[in-house]
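A short write-up of the structure that comes next.
Note on naming: letters A, B, ... go to the chains in the order of the sequence lines (proteins, then strands), and numbering restarts at 1 for each one.
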Protein chains: 2
Amino acid sequence: MTVTLADVAARARVSPATVSRVLNGNYPVATATRERVLRAVDDLDYVLNGPASSLAAATSDLVGVLVHDLADPFFGIMAGAAQSEIGGQEGTGRAGGEKLAVVCSTGGSPERELTYLTLLQRQRAAAVVLTGGAVEDPAHTAAMTAKLGRLAAAGTRIVLCGRPPLPEPDQAVAALAFDNLGGGRRLTEHLVALGHRRIGYIAGPVGRTTTRHRMQGHRAALAAAGLGGGAAEQDRLTVHGPYDRRSGYDAAGELLRREPALTAIVAANDTVALGACAALRDRGLRVPEDVSVAGFDDLPFSADAVPALTTVRLPLVEAGARAGRLAMGREAPPPGGIATVPADLVVRASTARPPGGG
Amino acid sequence: MTVTLADVAARARVSPATVSRVLNGNYPVATATRERVLRAVDDLDYVLNGPASSLAAATSDLVGVLVHDLADPFFGIMAGAAQSEIGGQEGTGRAGGEKLAVVCSTGGSPERELTYLTLLQRQRAAAVVLTGGAVEDPAHTAAMTAKLGRLAAAGTRIVLCGRPPLPEPDQAVAALAFDNLGGGRRLTEHLVALGHRRIGYIAGPVGRTTTRHRMQGHRAALAAAGLGGGAAEQDRLTVHGPYDRRSGYDAAGELLRREPALTAIVAANDTVALGACAALRDRGLRVPEDVSVAGFDDLPFSADAVPALTTVRLPLVEAGARAGRLAMGREAPPPGGIATVPADLVVRASTARPPGGG
DNA sequence: TTGAAAGCGCTACCAC
DNA sequence: GTGGTAGCGCTTTCAA
């Protein structure tokens, strides 16, 4: 039925071993022989059997890319960049060393994260890229560390992208950590410098590194300006929620209820910021004249949606691409296996001063 | 080194065959035996070898999902919905029948589309979902038809999502086609009904079904209103470009240059519409008071970015999920293998009348 | 209900 | 440079 490597060998009048060598291009093969084999491949329309190949070679050409949410452009952009490094190799075009990137959406669920890792382990994946913040639960962290250790031991390359290094840094794991803390700090410093004193904070979901680091940066900036105000006050001006528009909308309403004299809102990311802006508009408040809004991530549509939005730019494409290259072993790991990706402030309007003057 | 099924069998004091049966749950196994096997699996931390399994069974648990651009939320949303149907099965948790969705970003390149299909064919994928418009090149269409035919013959399920059926409809291929023509027609009918007479059109990339169908709808509406104006005039008010923001920005500028008295612009999709709006703003024109803008796809951020945007809603989540179920064989194919997904008009502001009154 | 054993198609080692 | 061939780890008849 299906054409096998043996069929190709027969037609080319060579041994299966030679066909394999031609296809993999690992060993020297006489030019004439190679051409005969390639012609036979074309004639028979032969397609390599991946599973058989992976079984024999004890490794597959699959590379897993885990994201929290495919529908979120934050992840789409990173995953797309990683994938084009992984799969964009234009090999021989036939059966060359193309890798297949497997993008898996965990929905932010720890269980599914582990499930996908098991699935990838089962497939003997060549590498795994984990994007986005990590869940900060001791049990889950332990499970992840163990699982990643086993993957690494089996020869799978591990790359963390936009996620801090493992608690026990592993030589086999490369980490590209985003400077979420620094970005959060600079964002709030900027608002404080403009004269804002009552700033609400819409945080991401609890128990995530990203959420915690951005919030730490925010609070550090407040503290440095003498605006800390104690734990109770900080919590009063903080609302947690998922990284979506609706969460931002609801949270902004809640913040205004708790503190009607708010002059600025910092959101966990741009999508949340958009929702917050909508909530403000619906209450007849203008952005940024009445209330300034700041976001995070600088997604492509942010500037259109909120021209005055102040935000933080994370180099998603660059980071994703670098993660892809690390996964392919095509770039040297950073010193110590850890690199920090900068998070730069993007100021879109100088008008974002508090209503009373600043 | 690595734990194999034989190791599990030895520890559970059964044959490898029995372990296999327990893991796959296809054959009856005595409860006591099953439990012994499962305990051994846990004790040894056994993970099934996917390639070996796929080789022996002649099918893998991979499902390919092809998209044009992962960074585009249009595809992210569809792919995410498909993936959660495909991989969200919560099997035994151990080695159950979980499928692994492989999201592949082709960048809109016909070659990469074929390359990915070959890669998936090589992996003996259980199913393939093709999303987004098809490239309308006879050679490519023929190549695709042949390739899909071979995949189908090898037992791979094929699902088209947001793409018209193949020229020679194949029983083995299920198609969920978007009503791009109808959506485009209704959009322009709406503008015409408001009194617009000089309407610019920013089309998608040439040679794509989506581009052509949306444009056909637009032109049909113009013709029905007696505003057709001849081929030359239609071409004068049409500019093609990729589905991104920059393209919309540039195209809007070009359209205004060609026809300064434009009162409305219809864009190929919302992202393009956003760019067009930015271009209008930069020229001191207000949307929609001076120029109305219409988009397509109704992405989540569209309303925030352009509150007055008139657009067309495609049920991306529903379509993606349905495609996922079709790929899993968990939903009966539509009659004739073809279903049309509706495209509904979304009107966000009734103020979008032409400046002169209408 | 369980075991024995024959492959699945390919790779890589060892000869020549 | 090329051929022979022994597995890789699993599934699946066929018997028991």
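- Between the B:Arg163 side chain and the B:Gly132 main chain, a donor and an acceptor come within less than 3.5 Å of each other.
- Of the residues A:Asp61, A:Leu62, A:Val63, the one that meets the side chain to side chain contact (heavy atoms under 4.5 Å, CB included) test with A:Ile86 is A:Val63.
- Using a 4.0 Å heavy-atom distance criterion, A:Ala17 is classed as a base contact.
- Atom pair A:Tyr27:OH and D:dG3:C1' shows a separation of 14 Å (rounding to whole Å applied).
- In summary, contact between chain B and DNA chain C, defined as any nucleotide atom under 4.0 Å from a heavy atom of the protein, begins and ends at C:dT1 to C:dG9 in the 5' to 3' direction.
- Taking all atoms of both residues into account, the shortest heavy-atom contact from A:Val65 to A:Ala79 is CG1-CB, 4.3 Å.
- Map B:Arg34 and B:Ala56 each onto its nearest nucleotide of DNA chain C; the residue landing nearer the 5' end is B:Arg34.
- Screening residues 129-147 of chain A for side chain to side chain donor-acceptor pair (under 3.5 Å), with sequence neighbours left out, gives A:Glu113-A:His140, A:Thr118-A:Lys147, A:Gln121-A:Lys147, A:Glu136-A:Arg212.
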Output, in order, the C-alpha distance, side-chain angles, deciding distance and verdict of side chain to side chain contact (heavy atoms under 4.5 Å, CB included) for B:Leu120 and B:Thr156. CA-CA 9 Å; B:Leu120 289 165; B:Thr156 298; over 6 Å; no
What verdict does the side chain to side chain contact (heavy atoms under 4.5 Å, CB included) test give for A:Leu148 and A:Leu117, after you've listed the backbone C-alpha separation in whole Å, the side-chain angles of each residue and the deciding distance to 0.1 Å? CA-CA 8 Å; A:Leu148 291 177; A:Leu117 285 180; 4.0 Å; yes
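- Checking the phosphate oxygens (OP1, OP2) of D:dC10, no side-chain nitrogen or oxygen of B:Ser53 falls inside 4.0 Å.
- Between B:Ala9 and B:Ser15 the shortest heavy-atom distance is CB-C, 3.7 Å.
- Checked by atom type and distance alone, the side chain of A:Arg36 pairs as donor or acceptor with a backbone atom of A:Ala12 at under 3.5 Å.
- A:Val19 comes within contact range of no nucleotide atom at all, as no heavy-atom separation falls under 4.0 Å.
- Regarding A:Arg13, its CZ atom lies at a distance of 22 Å from the P atom of D:dG1, rounded to whole Å.
- In this structure, the CG atom of B:Asn26 is 10 Å from the C1' atom of D:dT12, given to the nearest Å.
- Proximity of B:Asn49 to the phosphate of D:dC8: no side-chain N or O atom is located under 4.0 Å from OP1 or OP2.
- Of the listed nucleotides (D:dT11, D:dG9, D:dT13), D:dG9 has the atom at the smallest distance from the side chain of B:Ala52.
- Heavy-atom nearest nucleotides on DNA chain C were determined for B:Thr18 and for B:Leu55, and the one closer to the 5' end corresponds to B:Thr18.
- Summary of helix geometry: the two end axes of the helix from C:dT1-D:dA16 to C:dC16-D:dG1, each defined by five base pairs via their C1' atoms, are inclined to each other by 20° (rounded to 10°).
- Using a 4.0 Å heavy-atom criterion, one finds that A:Thr33 contacts the sugar-phosphate atoms exclusively.
- What separates CD of A:Gln121 from P of D:dG9 is a distance of 14 Å, to the nearest Å.
- In the set D:dT5, D:dT12, D:dG9, D:dG9 carries the atom at the smallest distance from any side-chain atom of B:Thr4.
- Both B:Arg21 and A:Arg36 lie near DNA chain D, and the one whose nearest nucleotide falls closer to the 5' end is A:Arg36.
- One finds no salt bridge joining A:Arg322 and A:Glu85 here, because no Lys/Arg side-chain nitrogen approaches an Asp/Glu carboxylate oxygen to under 4.0 Å.
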